[in-house]
Amino acid sequence: MTEPVPASFATPLEALHLDLGAKLVPFGGWMMPIAYPDGTVAEHRACREEAVIFDVSHLGTVRLDGPSAFEVLQQAFTNDLAKIHPGRAQYTHLLDDAASVVDDIIVWWVGADRFDVMPNASNTAGVRNAIGGTDVTHERAILAIQGPQARLRLSSFAPEVTEVGRFDVVELLVDGVPVVVAGTGYTGEDGLEVAIPAEAAEGFFRQALGAGITPAGLGARDTLRLEAALPLHGHELGEGITPLQANLGWVVGWDKPAFAGRDALLAERAAGVRRRLTGFITDSRQPPREGAEIVVAGEVVGTLTSGNFSPMLGCGIALGFVDAGTALEVGDEATLLVRSRPLEARRAPLPFWPQKGR
Amino acid sequence: MDVPAELRYSTDHEWARHEGATVTIGITDYAQDALGDVVYVEVPTVGQQVSVGGALGEVESTKSVSEIYAPVSGTVVQVNEALADHPEVINASPYGDGWLCVIELAEPSGYDTLLDAAAYEALIAG
């Protein structure tokens with residue numbers, strides 16, 4: 001479970017966020033901007049239609065160096081690192097012995113023997129326990145520039161970064177500052193994530209604003225990832241939830257001889273999953289919410305893990321786990337009991353909003 | 001935060017404007033700012049009887065849901081139908097186009113017990 005967080009960390013960009021009028025909220029032990037004055041919906045649209053910049057410095061960075069690093073990660077995480085090579089990124093999971101997802105992680109294979117492992121903020125310590133390495137989270141900021149115009153607008157002040165392709169990882173210099181750029185993100189749009197020394201982050205962020213890139217907060221990050229049906233740890237992933245239940249079997253390197261949770265996962269695959277992550281859409285603007293019961297043909301068949309208003313679709317969307325064996329095809333009706341009151345919905349194909357990117 | 005001097009306020013962050021026998025109700029600038037982008041509003045129904053502190057509706061943002069409580073007792077005589085398709089006017093104009101409903105007072109003194117602007121400003125200043 002989530003452990004109490006003793007202190008709130010400040011992002012290196014806190015003064016800038018406050019200067020821009022952002023509202024800061026505690027998230028994973030950090031004080032992070034949830035929205036700027038234009039608000040979550042406007043920031044969301046800016047990401048779908050133009051370009052936004054997020055400060056995601058709360059994500060962890062655990063650095064592994066040396067000739068044993070590959071094997072340590074290959075045995076700890078589910079995905080098969082042998083499928084990629086230096087200069088590439090991979091989405092992967094850390095499981096416990098019961099195959100619950102302890103964390104979902106992006107691994108940046110930065111150089112031959114160097115990996116930057118990026119857990120969720122509140123899971124950084126747990127991931128470090130599993131793999132060792134050095135926590136360099138507080139030495140750098142991470143800026144995510146996302147949206148169909150992200151590369152074009154970056155080209156006006158950091159043209160070097162714009163050639164980094166999807167899931168590529170490249171070390172380069174921007175104005176003489178060493179950065180690591182990855183073609184990754186969490187919005188369903190094309191975009192880049194830039195790890196930059198903490199002291200240089202404000203300059204980069206201000207140049208992005210000057211290039212017409214809209215600052216966006218964690219509120220928009222959450223509505224964007226939900227439209228893209230990307231899981232959020234603590235909601236679609238976590239204690240008691242396996243990658244198979246979350247439709248993420250592709251994150252598992254089944255041919256690997258060993259990784260944490262492998263036996264339990266193989267057993268689940270053989271027996272069949274007991275529940276499966278499923279999408280729902282409504283005709284109303286009312287946001288379905290986490291915790292709402294899912295009712296099909298008069299029976300409670302599951303619970304929502306995330307729900308909100310979709311700014312692009314103009315209606316409610318939600319994710320939740322539905323018991324295996326429930327007769328519920330895409331388009332079939334379900335009732336969501338939101339604060340005990342019925343909200344009519346239909347099963348929707350996922351993602352709600354199509355992934356773009358080059 | 002904008003706290004118009006001519007209005008009265010509840011401790012639950014609703015505002016009230018007295019016009020003859022009726023009171024127009026909405027949520028305050030402070031409340032809309034705390035909620036963030038409003039994406040859905042459940043308005044009361046015309047004819048509904050409400051008493052002070054009773055449920056009058058709900059306002060939902062991308063991050064949370066908040067109950068709206070009746071600041072006065074009476075009968076709902078008009079609701080802001082425009083909020084169904086454009087709930088964001090609550091953010092843009094909480095004291096104007098973002099009004100929620102009009103209540104006909106059950107007793108004229110109901111309005112006088114609400115906070116005045118100075119008292120509400122003191123409340124939100126903490």
Side-chain angles (χ1 to χ4, degrees), chain A residues 21-27 32-47 214 216-227 232 235 282-292 304 306-318 336 338-343, chain B residues 1-3 12-13 26-45 48 50 53-69 79-101 124-126:
Chain A
K23 202 172 292 178
L24 302 188
V25 296
F27 184 83
M32 298 303 295
I34 187 163
Y36 298 83
D38 285 350
T40 294
V41 172
E43 294 166 17
H44 183 115
R45 287 183 197 282
C47 182
T214 302
L218 295 185
R221 192 168 154 84
D222 190 48
T223 52
L224 287 158
R225 72 92 195 166
L226 181 59
E227 277 185 346
L232 175 60
H235 297 257
T282 71
D283 290 325
S284 154
R285 291 181 61 105
Q286 182 184 348
R289 298 288 187 184
E290 179 185 5
L304 295 187
S306 291
N308 213 323
F309 172 74
S310 161
M312 302 311 291
L313 301 175
C315 61
I317 55 173
L336 309 175
V338 182
R339 296 183 297 281
S340 305
R341 286 176 305 181
L343 177 62
Chain B
M1 293 301 149
D2 188 15
V3 181
D12 298 315
H13 308 288
I27 71 167
T28 66
D29 189 30
Y30 175 86
Q32 70 78 21
D33 183 69
L35 274 167
D37 280 6
V38 174
V39 294
Y40 176 74
V41 185
E42 192 175 276
V43 298
T45 49
Q48 189 179 330
V50 294
L56 198 58
E58 281 179 349
V59 54
E60 297 205 38
S61 69
T62 51
K63 62 179 179 185
S64 65
V65 54
S66 183
E67 195 112 16
I68 306 170
Y69 300 102
V79 298
N80 186 355
E81 306 281 2
L83 295 179
D85 290 332
H86 294 287
E88 67 275 7
V89 298
I90 286 188
N91 295 116
S93 178
Y95 301 111
D97 291 343
W99 64 279
L100 180 77
C101 68
I124 62 177

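Letters A, B, ... mirror the listed sequences (proteins, then strands); counts begin at 1. Below, each value reflects all heavy atoms present in this structure, side chains not excepted, and no hydrogens, waters or symmetry copies.
Heavy atoms of B/Val41 lying under 4.5 Å from chain A are absent altogether. Residue contact with chain B, scored on non-hydrogen atoms closer than 4.5 Å, involves the backbone of A/Ala42 exclusively. With a 4.5 Å cut-off on non-hydrogen atoms, B/Ala34 touches chain A through its backbone but not through its side chain.
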Put together the list of donor-acceptor pairs under 3.5 Å connecting chain B with chain A, please.
residue : atom : partner  : partner atom : Å
B/Asp33 : O    : A/Lys23  : NZ           : 2.1
B/Asp33 : OD2  : A/Lys23  : NZ           : 3.3
B/Asp37 : OD2  : A/Thr40  : N            : 3.0
B/Asp37 : OD2  : A/Val41  : N            : 2.6
B/Val39 : O    : A/Arg285 : NE           : 2.8
B/Val39 : O    : A/Arg285 : NH2          : 3.1
B/Glu42 : OE2  : A/Arg341 : NH1          : 3.3
B/Glu58 : OE1  : A/Arg339 : NH2          : 3.1
B/Glu58 : OE1  : A/Arg341 : NH2          : 2.9
B/Glu58 : OE2  : A/Arg341 : NH2          : 2.9
B/Glu60 : OE1  : A/Arg289 : NE           : 3.1
B/Glu60 : OE1  : A/Arg289 : NH2          : 2.8
B/Glu60 : OE2  : A/Arg339 : NH2          : 2.8
B/Ser61 : O    : A/Arg289 : NH2          : 2.8
B/Thr62 : O    : A/Asn308 : ND2          : 2.7
B/Ser64 : O    : A/Arg289 : NH2          : 3.4

